Enquirer: 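So that we are looking at the same thing, I have put the structure below in structure tokens.
As the structure is a prediction and not an experimental result, all values here were calculated from the model. Below, all heavy atoms of this structure are taken into account, side chains as well, without hydrogens, waters or symmetry copies.
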Amino acid sequence: QVQLVESGGGLVQAGGSLRLSCAASRRTFSSNTMGWFRQAPGKERDFVAAIRSGGITYYKDSVKGRFTISRDSARNTLYLQMNGLKPEDTAVYYCAARLTPTSYDTLGRREIYDYWGQGTQVTVSS
């Protein structure tokens, strides 16, 4: 059964940190690419970061140097470490998985991902 379950969201002050987790079923975690997206109120769901099975990572420019995506194969879990949080990072964060390889320039497109979690709210106060 395919399943992605996010956790770790919450309320934090600007400059603070949070670590999001995405627990995946074994089949989902074997995906070629896993990623994090976020959706702020009234806005589209946007790419944040992605990681391929070989460990290569990709980030949205605005989070480079602040966010780190990683995956733990022993725990079938995807992480997003978020440091230096800003109010503009406030959104619902979703993890996503794509089972098959794709070119790096498509990783930011929502439509290429096969499975999605239900989301976890991150709120950053100023």
Enquirer: Looking at Leu18 and Gly8, what are the two nearest heavy atoms and their distance?
Expert: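 Minimum heavy-atom separation between Leu18 and Gly8: CD2-O, 3.8 Å.
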Enquirer: Let me see the working for Gln121 and Leu11 under side-chain contact (heavy atoms from CB on, under 4.5 Å), right down to the final yes or no.
Expert: CA-CA 8 Å; Gln121 176 71 46; Leu11 173 64; over 6 Å; no
Enquirer: Might you point out which heavy atoms bring Ser103 and Arg52 nearest each other, and give the distance in Å?
Expert: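 Of all heavy-atom pairs spanning Ser103 and Arg52, the closest is C-NH2, 3.2 Å.
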Enquirer: On a heavy-atom basis, which atom in Tyr59 and which in Ala49 lie closest, and how many Å separate them?
Expert: CD2-CB, 3.6 Å
Enquirer: Is there a side-chain contact between Thr102 and Arg109, using heavy atoms and a 4.5 Å cut-off?
Expert: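 Result no, sub-4.5 Å side-chain heavy-atom pair not found.
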Enquirer: Below 4.0 angstrom, N of the basic side chain to O of the carboxylate: do Lys64 and Asp61 qualify?
Expert: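 Yes, Lys64 and Asp61 are salt-bridged.
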Enquirer: Side chains of Asn32 and Thr100: do they bring a donor and an acceptor to under 3.5 Å?
Expert: no
Enquirer: To the nearest 0.5 Å, what is the distance between CZ (Arg38) and CG (Asp46)?
Expert: 7.5 Å
Enquirer: Which pair of non-hydrogen atoms, one from Leu85 and one from Met82, has the smallest distance, and what is that distance?
Expert: CD2-CB, 3.8 Å
Enquirer: For the residue pair Ser70 and Leu78, what are the closest heavy atoms and their distance?
Expert: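 Between these two residues, the closest heavy atoms are O-CD1, 3.3 Å.
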Enquirer: Can you tell me how far OG1 of Thr77 sits from CD of Glu6, rounded to the nearest 0.5 angstrom?
Expert: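 That separation rounds to 12.0 Å.
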Enquirer: So which residues get pulled into Tyr58's cluster when ILVMFWY side chains under 4.5 Å apart are joined, directly or through others?
Expert: Phe37, Phe47, Ile56, Val92, Tyr94, Tyr104, Leu107, Ile112, Tyr113, Trp116
Enquirer: What pair of heavy atoms forms the shortest contact from Ser17 to Gln81, and how long is it?
Expert: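 Closest approach of Ser17 to Gln81, heavy atoms only: CB-NE2, 4.0 Å.
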